[in-house]
Amino acid sequence: VWLGSIDVGPLSDIQYRQRLRTQIIPEWGAVAVRDVSAHAVAAWEKRLRASLSKNYSDAVMSTFRTLMDDAVASKLRGDNPVTTRKSRRRGKYEPPPKDEKVIATPRQALLVARNAHERWGFGGYVLVLTVAYTGMRIGEIAGLRREFLLLTNEGAGRRILVERQSQYIGGKPTLIDPKYASERSLILPPFLADLLAELAASHRHDHVFAAVKGGQILTGGDFYSTYWRPAVDGLAPRGVVRGAKVRAGIRPVLGVADMVPHGLRHSHKTWLDEDGHPRVAVEERMGHELPGVEGTYSHTTLPMELKIAETLQGRWEQSLRPVVDRREFGPYPPLKPSRRKRSPKILPSGENA
């Protein structure tokens with residue numbers, strides 16, 4: 001009944017159904033809505049957090065809290081038994097979670113981009129820099145089509161239109177609206193506009209960022225393990241082993257271990273804040289809305305955007321300068337053992353090695 005009453009995007013609908021099916025219904029399916037108690041919910045949440053990741057347990061509790069809010073609104077019960085963590089007054093003190101997001105400097109973003117070029121070519125190089133210098137989400141990158149590139153400067157700067165994102169719906173990559181309906185126009189620093197023009201001219205695919213073997217780039221598990229992780233954390237070199245091809249190694253970029261594409265989005269926001277740009281222009285660029293009166297009366301202007309492009313271009317030019325006073329790369333990671341089953345080597349004595 002509840003799922004039929006809510007109006008959410010296809011991705012949120014899938015996530016809600018999955019959380020209900022795997023966690024909420026197995027625990028509460030046989031309990032009347034009015035009989036769900038705050039103490040029982042607290043005990044269940046404690047078990048969830050002991051067995052699931054923080055992000056997933058937070059998502060499950062958020063979904064259950066929303067469901068119970070609607071139950072109150074429908075007068076099926078008088079209060080919501082799923083309290084927010086801020087509203088609790090008893091129990092041991094829990095400090096606020098620390099920000100563990102890895103933030104890159106422009107120089108580190110450049111080095112990751114160069115590693116991506118070694119691993120998956122010019123497209124990988126431009127992809128990393130596009131995330132770093134636009135703050136686009138990886139789904140928006142995958143959904144970027146040629147018609148969304150406005151690379152002729154007619155006085156308002158060269159731009160990307162963020163109109164769609166690519167997400168897996170029913171197991172297939174599907175173009176849907178950006179997260180939170182955050183369609184926006186992003187002014188580009190000149191160097192990035194030039195790179196995107198060169199990339200678009202290098203292939204005929206409808207999507208700007210094509211897969212290594214052609215077609216739309218897919219940002220599922222293989223993308224991270226095969227392409228993204230080696231660009232950040234390095235890849236061990238490999239010689240000729242049982243006919244396998246020689247593979248050059250990639251050295252990891254120091255200071256950004258385990259960084260994901262969203263870390264570059266956080267980095268972009270940090271750069272804009274450090275450069276002192278107006279909050280309304282920064283949040284609009286990130287696809288966020290300012291709350292309250294500030295959001296009502298603050299507006300982004302073209303001079304604000306042109307200044308953003310100018311400071312980003314300056315950061316890019318600074319990142320190209322050689323660094324001689326510190327190490328920038330770590331040692332090659334160890335080569336992972338092969339998964340192939342090997343037959344035991346027979347020694348002359350007949351004993352297995």
Would you name the heavy atoms of [X] and [Y] that are closest together and state the gap between them?
| X | Y | result |
| --- | --- | --- |
| L129 | L110 | CD2-CA, 4.3 Å |
| M61 | L48 | SD-CD1, 3.9 Å |
| A104 | A109 | CB-N, 4.4 Å |
| T219 | Y224 | O-CE1, 3.6 Å |
| H268 | A132 | ND1-O, 2.9 Å |
| V253 | A231 | CG2-O, 4.2 Å |

Side chain to side chain contact (heavy atoms under 4.5 Å, CB included) between I160 and L196, worked out:
CA-CA 10 Å; I160 284 178; L196 287 166; 3.7 Å; yes
Closer than 4.0 angstrom, basic N to acidic O: yes or no for [X] and [Y]?
| X | Y | answer |
| --- | --- | --- |
| R49 | E45 | yes |
| R315 | D275 | yes |
| E283 | K269 | yes |

Just grab all the salt bridge (Lys or Arg N to Asp or Glu O under 4.0 Å) pairs involving [range], residues at least two apart or on different chains.
| range | result |
| --- | --- |
| residues 168-190 | E140-R184, R164-D177 |
| residues 295-306 | R159-E305 |
| residues 316-334 | R107-E328 |

When hydrophobic residues are tied together by side-chain contacts of less than 4.5 Å, even through go-betweens, does [X] share a cluster with [Y]?
| X | Y | answer |
| --- | --- | --- |
| L320 | L192 | yes |
| Y168 | I141 | no |
| V33 | W2 | yes |
| F122 | L127 | yes |
| V60 | V31 | yes |

Per side chain to side chain donor-acceptor pair (under 3.5 Å), T63 is matched among Q23, R17, Q15, R19 by R19
Check which hydrophobic residues are tied to L306 through side-chain heavy-atom contacts below 4.5 Å, counting indirect links as well, and list them.
I187, L302
Other ILVMFWY residues reachable from I250 by side-chain steps of under 4.5 Å
L235
Let me see the working for I25 and R21 under side chain to side chain contact (heavy atoms under 4.5 Å, CB included), right down to the final yes or no.
CA-CA 6 Å; I25 291 177; R21 184 181 67 254; 5.7 Å; no
Walk me through it: do H205 and H203 pass the test ring-ring contact (aromatic ring centres under 6.0 Å, His included)?
CA-CA 6 Å; H205 304 295; H203 63 75; 5.1 Å; yes
Answer yes if the ring centres of Y125 and W120 are under 6.0 angstrom apart, and no otherwise.
no
Could you walk me through whether R65 and D69 pass salt bridge (charged side-chain N to carboxylate O under 4.0 Å, His left out), step by step?
CA-CA 6 Å; R65 185 179 302 112; D69 274 338; over 6 Å; no
Using residues 149-158 as the side-chain source, report each donor-acceptor pair under 3.5 Å to any protein atom, sequence neighbours left out, with the distance given to one decimal.
unit_1	atom_1	unit_2	atom_2	d
N153	OD1	G155	N	2.9
N153	OD1	G157	N	3.0
R158	NH1	D194	OD1	3.1
R158	NH2	P190	O	3.4
R158	NH2	D194	OD1	3.0

Could you walk me through whether Q108 and L254 pass the side chain to side chain contact (heavy atoms under 4.5 Å, CB included) test, one step at a time?
CA-CA 8 Å; Q108 289 169 325; L254 289 178; 5.9 Å; no
I308 vs R285, side chain to side chain contact (heavy atoms under 4.5 Å, CB included): CA-CA, chis, key distance, verdict:
CA-CA 10 Å; I308 286 176; R285 187 172 178 85; 4.0 Å; yes
Specify whether W44 and W28 have parallel, tilted or perpendicular ring planes, treating 30° as the upper limit for parallel and 60° as the lower limit for perpendicular.
perpendicular
